[in-house]
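Taking it in order: structure first as structure tokens, then the write-up.
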Amino acid sequence: MRLLLLEDDAILGEGLRDYLRGEGHVVDWFGSLRALQAVAGEPYDAWLVDWQLPDGSGLDWLSRQRQRGDGTPAFMLTARDRLEERVRGLDGGADDYLVKPFDPAELAARLRVLQRRGAAGGAGSCRVGDADIDLAAHSVQVAGQRVALTAREWALLEALLRRAGRVVAKADLERLLLGADAEVQSNALEVHVSSLRRKLGRDLIETVRGLGYRITLSDR
Amino acid sequence: MKALPTIRSRLTGLLVAVALAWGLGVSAAVWLAVTSEVDELLDETLQAAAPVLGRLLSLADGADLTEAAAAIGEGAGQHEHFAWQLVGPGGLLLRSARAPAQPWLPLPVTGFADAAAGWRVYALPLANGTRTLYVAQTRDERREAAAEIAWAAVWSALAIALLSAWWLQRRVRRELQPLDDLALALARYEPLPPATALAAPTRRELQPVHDAIEALGERLARRVANERAFSAHSAHALRTPLAGIDLQLAVAEREAPPALQPRLARAREAVTRLTRVVAALLALFRSGAELQRRPIHLASLLARLPHEPLQLQVGADDVVDADEDLLSAALINLLDNAVRHGAGTLQVTWQARDGLQRLRLHDDGRGAPPERRAELARALADQAYEGRMGLGLMLADLVARAHGGELTLPEVAQGFAAELSLAPDPSAANPAVPT
């Protein structure tokens, strides 16, 4: 998943970024609200937001995003542990609330829950064309045979499955796969799309000319 | 606890006593005045009656003097109150009416005199001093007359006094009503946000009290606000670096060669323990504020708290009325104690006894020697924590005391037991704990 991490503490931010990258996520880490302007409007699968930031309130920023209609799942990561603060955080737009210090394994598990729920309508597994995909187990079978995918191929497949039935712009897919800082080669995305089609079937990913790519779930 | 005296009863008692004393004092004064005035009045009556009677006796000389005098007495309406004697030369009793057979006084006597048998006598010389007329009245009759007047005065004064006492009592109650109003306003007064203002006093005397309470409330609100801000900042300043350390260690543990991983795992365990202590301290720091009591499902709470490798045995339906943050802080530290003292199993039991919720944690660890357990128990009872016990027991005791209870260390045959007693919420209309 592509994650936006908004955390001003350098030790925590760096540790969290590296830990989540180790879990296979693409993490864009920012230390202030001002720095976020560089990625305004970009697609993320989840936001990880600290409440108290040097140039404002992470919760206020989150509330503004909600008022604009952005429903990206958000985790509030904060030292504020009082009941009324937890309630305020959740009412302010957070979908989940973790009090620092939290076990990173717990955050990773919650992100996996989000992953399962977001993709394939929350079923955890789905069928696209001839491919049976188990998102929880990270496994794909075609005609009963297991197919090995690279991390990028998985990320691409997952990004499209999370938006199944919708057209995803090429630029957005590049961001979702590689993050804001990554230098994207002009044909990197096409290479991964082509690879997935070769492994899982040519009809797996539909190209919508001039707009992007779309994946459509099959009836089971 | 002995009931305190009330201002109302003291003031009412004082005023009633003053009213009654005033009534009695006035009655006594009236009694003395009436007695004296009645004596004087009756003396004047005797003195006025004597010449009239003497003249009649002179006019009727030779006639039936007794009848004439009696007729005079009846005419005056005084026949039951006056007696007279006409005494001749040598003390010879010539005539008398309602009088003894012997002269009241030996001759010669003029004016007033007190005779034997309680007679008050006025002597008037007649016929150039050859005869003496005594007009007299008994002291009993005088006292009876005085008593009638005095009793009337006393009863009137007492009636007025009682009426005054009743009126004063009502008045005292009404005048003290603003104190009750102030108490009611104080009960509704909340200086902390969301604040409610203290109602204005209705008497000038209460204005300083009102102002002092408002000033106290403002100081309290400022202090609590500062403490909350400090607490929030402290929480951020302590928790965020701890989270950062743990995450850096987690990443390092994942990337480190296998030989280093146990060392990093131990470092993470130390961070976890430090985290528990920080959480407990922060929760306890906030305990100066009002407790956030609510029913807590004990098994669910314990399941959320870090307790590996302890096996917990807890009643499935036990519910405790407590501040969850504080109770968590106490339990975290008691669980940590059990782990560090080699316990593998911890039994948690809950019961209501003597009006308290009693939460007992009994582990199967190494326990403590009897003399050490007794020393700990004494230190807990005296709240003399410094240098006599670890942070865990101290925190648990402070949490229990914040809930109106205490931490005790019951004697057990094996392992170690600690019992948290928590008082039910005093503000609850129906406290959850039966007595």
Ring-face cation of A/Arg17 near A/Trp29 (centre distance under 6.0 Å, axis angle within 45°) | no
With respect to chain B, which residue among A/Asp9, A/Leu77, A/Leu16 yields the maximal number of heavy-atom pairs within a distance under 4.5 Å?
-> A/Leu16
Does a salt bridge link A/Glu190 with A/Lys170, judged by any charged N lying under 4.0 Å from a carboxylate O?
-> yes
Name the region of B/Leu249, side chain, backbone, both or neither, that has any atom closer than 4.5 Å to a heavy atom of chain A.
-> neither
May I ask you to say whether B/Arg293 pairs ionically with B/Asp321, meaning some side-chain N is under 4.0 Å from a carboxylate O?
-> yes
Residue selection (most heavy-atom pairs with chain A, distance under 4.5 Å) from B/Gln248, B/Glu255, B/Glu324 = B/Gln248
By a 4.5 Å heavy-atom criterion (distance strictly below it), what part of A/Glu14 contacts chain B: side chain, backbone, both, or neither?
-> both
Identify the heavy atoms of A/Leu6 and A/Ser32 that sit nearest to each other, and give their distance.
-> CD1-O, 3.6 Å
